[in-house]
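Presented below is the structure to which this report refers.
Source: prediction; values computed, not measured. Numbering of ligands and ligand atoms starts at 1, following listing order.
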Amino acid sequence: MNLYKYVSDKLNEKLGFDAKLEIPRNREFGDFSTNAAMVMARVAGKNPRELATEILPKIQELDFVKSATIAGPGFINIRIRDDFLWKSAESASKITKAKKPLIIDMDYGAYNVAKSLHIGHMRTSIVGDMLYRLGRVIGHTMISYNHMGDWGRSMGFVIAWIERLHPDWPFFQPDFTPNGDCSQYTIDPVELDTYYPSAAALAKTDPEFLEHAQIITAQLQDGHPGYNALYNIFMPISLESMNKTVRALNILAFDRDLGERNAAKYSAPVEKMLRDKNLLVKSDGAEVIIVKRDEDKKPMPPVMFYNSRGAHPYDATDIMALYYRKVTDNPDKVIYLTDSRQSLHFEQLFRVAELLGLFPADALEHIGYGTINGADGKPFKTRDGNAAGLNDILSMVQSAVRDRVAESGKKLDDETINMIALAALKFNDLSHDLRADYIFDPNQITSFEGRTGPYILYTAVRLNSVLRRAGDFEIPKTVELEPDERNLVMELLDFDRTVQSAFDGRATDLVANYAYDLAQLVNTFYHNCPILRDDVATDTRNKRLTLVKIAVDVLTRVLDLMGLKIPKEM
Ligand code: ARG
């Protein structure tokens with residue numbers, strides 16, 4: 001139930017005017033306030049306070065209004081009836097479905113084969129997963145793509161490195177014939193992740209090796225049987241490593257693990273479209289698409305479709321991937337989530353899509369997120385100066401949680417520690433404006449107090465334990481609400497609105513911060529309003545238990561949207 005929208009719609013209907021409804025910081029004088037009278041007075045050339053006096057009785061006619069009063073130069077404060085709030089609270093955790101459900105392709109994660117996931121993949125994974133979940137609960141058809149880097153130049157490096165390690169393997173012999181059984185050629189997943197960096201380092205000093213690796217990439221893409229057979233060995237191993245991290249982060253499995261390799265299959269139809277529209281231009285041995293417009297104020301370089309070696313670079317595969325999505329999902333929207341440093345790439349891509357008539361510009365969206373920095377304000381690195389691996393970050397946070405738990409003298413199992421660590425990591429990531437940079441501090445985010453994931457999780461655990469201890473109870477038909485109870489109900493009835501605005505604005509921080517605000521209000525309520533104490537009357541106890549139940553329902557949904565689970569104890 002979206003209380004704000006309900007009240008706003010009814011009010012506008014009554015006044016025949018689109019008024020702006022505000023939620024006052026201080027609820028002492030009303031739950032909502034509107035400047036409708038002031039705006040209407042301006043239009044009619046009347047005195048605002050007088051006009052407010054005229055429309056007040058109309059507002060009071062609305063059945064959910066307890067009282068309406070005039071304040072200041074003509075603001076109208078509206079208080080909602082307790083019984084109306086009480087009835088509405090029942091459906092606080094329900095989310096209004098989209099009137100026009102869309103098909104939305106989401107491109108996030110987008111990991112690279114044979115390169116382990118690092119801190120640069122953290123936000124795309126965590127935020128992408130939440131946007132996906134948000135879209136789904138609102139009723140859109142969400143299709144997630146792990147658009148893997150699985151076909152580019154790094155593949156040649158990996159194969160060239162394996163050739164150095166195992167020159168005797170058959171894949172490199174000229175007479176290689178695929179016979180299906182490759183079970184004796186095993187590659188260790190952890191070692192696999194070291195091949196690309198080692199090869200890339202060697203290529204820097206050894207031009208012959210570099211040349212060889214580049215030839216391998218080209219031949220792989222051309223269907224070389226040996227290289228392809230080898231690729232088919234290490235590719236699934238790498239995909240399984242990615243999916244292991246995906247599961248460890250408790251993000252939903254991707255609907256499609258389809259990346260550059262899949263896209264490359266569509267190079268012919270895309271090339272034909274480009275040629276038919278005369279969009280390919282020769283430039284220094286390469287073929288490019290001009291996307292610059294006269295009104296451009298900043299540099300807008302051409303998009304390379306064929307490089308001078310005759311290969312398709314990253315830019316080109318993204319056009320093909322869009323083509324693939326068009327002909328398979330035919331989505332209403334495609335949303336990409338990457339580091340903001342790729343903004344230009346997507347601007348160029350979207351222009352090509354428009355030129356090709358594949359997608360209109362407003363169907364394509366790139367969300368560029370900020371950098372995760374260390375305490376020094378520079379991109380977060382491990383002590384050895386490397387980009388921190390995602391698995392390392394997870395263990396770092398887990399051990400910070402373990403230390404805190406040990407300090408407090410509690411004993412929690414590993415599963416619970418993991419749940420808390422994920423809450424710390426994900427809440428922190430989600431609660432920041434995703435377009436801005438933030439500083440990552442494993443110690444701060446694991447605190448059980450303050451604006452942290454563990455604090456929210458702890459609140460939910462505590463509420464669940466109250467309900468367990470209470471056992472069965474009856475839900476009162478009508479109630480009167482005390483201030484702390486009312487504040488809680490109002491916040492609960494703001495859940496649906498928060499979810500809708502978060503999805504519309506692609507602003508996951510709204511939901512994360514809502515979770516925190518809700519947890520705080522619940523704790524204030526719990527502190528000020530005793531529930532299970534002997535001196536609490538049965539009606540009051542039932543009323544408060546009902547509130548706890550609704551709060552748990554909403555909190556559980558919010559945590560689920562963040563991809564978090566509530567432990568049994570904490
Ligand atoms: N694999 C790329 C990277 O790690 C990100 C790909 C993003 N998605 C896309 N369709 N270009 O930088």
Side-chain angles (χ1 to χ4, degrees), residues 104-129 131-132 142-155 157-158 193 196-197 200 217 235 238-239 241-243 245-246 249 251 254-267 270 289 291 303-305 312-329 331 333-353 356 358-359 363-372 379 386-390 434 506:
I104 303 179
D105 279 2
M106 282 210 42
D107 182 314
Y108 57 97
Y111 314 120
N112 299 314
V113 166
K115 292 183 197 167
S116 53
L117 277 59
H118 56 80
I119 191 155
H121 294 113
M122 189 156 111
R123 290 184 100 171
T124 177
S125 307
I126 294 176
V127 174
D129 181 59
L131 285 173
Y132 179 90
M142 305 298 288
I143 305 172
S144 58
Y145 278 86
N146 175 13
H147 181 84
M148 294 175 288
D150 57 357
W151 205 231
R153 66 194 286 273
S154 48
M155 298 301 101
F157 282 99
V158 173
D193 285 344
Y196 172 73
T217 304
M235 168 61 200
S238 187
L239 182 56
S241 303
M242 292 178 202
N243 286 335
T245 314
V246 162
L249 283 173
I251 72 174
F254 287 90
D255 296 314
R256 314 250 160 101
D257 284 307
L258 291 177
E260 296 175 6
R261 184 194 192 186
N262 175 65
K265 294 180 194 153
Y266 300 88
S267 96
V270 171
I289 306 156
V291 290
V303 173
M304 201 176 283
F305 190 71
H312 290 303
Y314 181 60
D315 285 6
T317 43
D318 253 338
I319 307 173
M320 299 164 196
L322 257 184
Y323 173 84
Y324 173 76
R325 291 169 195 182
K326 177 76 193 177
V327 296
T328 51
D329 309 330
K333 259 190 188 302
V334 185
I335 303 176
Y336 297 84
L337 192 60
T338 75
D339 188 304
S340 58
R341 278 170 293 194
Q342 291 202 37
S343 297
L344 177 62
H345 164 72
F346 286 104
E347 231 181 308
Q348 293 171 297
L349 173 66
F350 298 171
R351 288 187 180 196
V352 175
L356 280 177
L358 268 182
F359 286 98
L364 304 174
E365 211 179 300
H366 171 238
I367 307 172
Y369 52 82
T371 313
I372 303 178
N386 289 316
L390 217 39
L434 75 101
R506 318 285 187 243

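- The aromatic rings of Tyr336 and Phe350 sit tilted, their planes meeting at an angle between 30° and 60°.
- At least one heavy atom of Gln342 sits less than 4.0 Å from an atom of ligand 1.
- Taking the ring centre of Phe359 as origin, the terminal cationic atom of Lys326 falls inside the region bounded by 6.0 Å and 45° from the ring axis.
- You'll find the ring centres of Tyr145 and Tyr132 outside the 6.0 Å limit.
- The closest heavy-atom contact to atom 5 (C) of ligand 1, among the options Tyr145, Tyr314, Tyr108, comes from Tyr314.
- Numbered from 1 in the order shown, with element, the atoms of ligand 1 that lie under 4.0 Å from a heavy atom of His147 read 8 (N), 9 (C), 10 (N).
- The part of Asn112 lying near ligand 1 is the side chain, judged by heavy-atom distances below 4.0 Å.
- Between Tyr111 and His121, the ring planes lie perpendicular to each other; the angle is over 60°, past the 30° to 60° tilted range.
- Under a 4.0 Å criterion applied to the non-hydrogen atoms of Thr338, ligand 1 contributes the atoms 7 (C).
- The N/O atoms of His345, backbone and side chain alike, include none that comes under 3.5 Å of an N/O atom in ligand 1.
- At least one heavy atom of His121 sits less than 4.0 Å from an atom of ligand 1.
- Distances between N or O atoms of Asp318 and those of ligand 1 include at least one value under 3.5 Å.
- For the atom pair NZ of Lys333 and CD1 of Ile104, the computed distance is 7.5 Å after rounding to the nearest 0.5 Å.
- Considering backbone and side-chain atoms together, Ala110 places an N or O closer than 3.5 Å to an N or O of ligand 1.
- Backbone and side-chain nitrogen or oxygen atoms of Asp107 are examined, and one is located within less than 3.5 angstrom of a nitrogen or oxygen of ligand 1.
- Under 4.0 Å from ligand 1, the heavy atoms of Phe346 that appear belong solely to its side chain.
- No N or O atom of Tyr336 sits closer than 3.5 Å to an N or O atom of ligand 1.
- Rounding to the nearest 0.5 angstrom, the gap separating the CD atom in Glu365 from the CG atom in Asp107 is 12.5 Å.
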Item to check | Criterion side chain to side chain contact (heavy atoms under 4.5 Å, CB included) on His147 and Met106, from CA distance to verdict | outcome: CA-CA 10 Å; His147 181 84; Met106 282 210 42; over 6 Å; no
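- At least one side-chain heavy atom of Val270 sits less than 4.5 Å from a side-chain heavy atom of Phe305.
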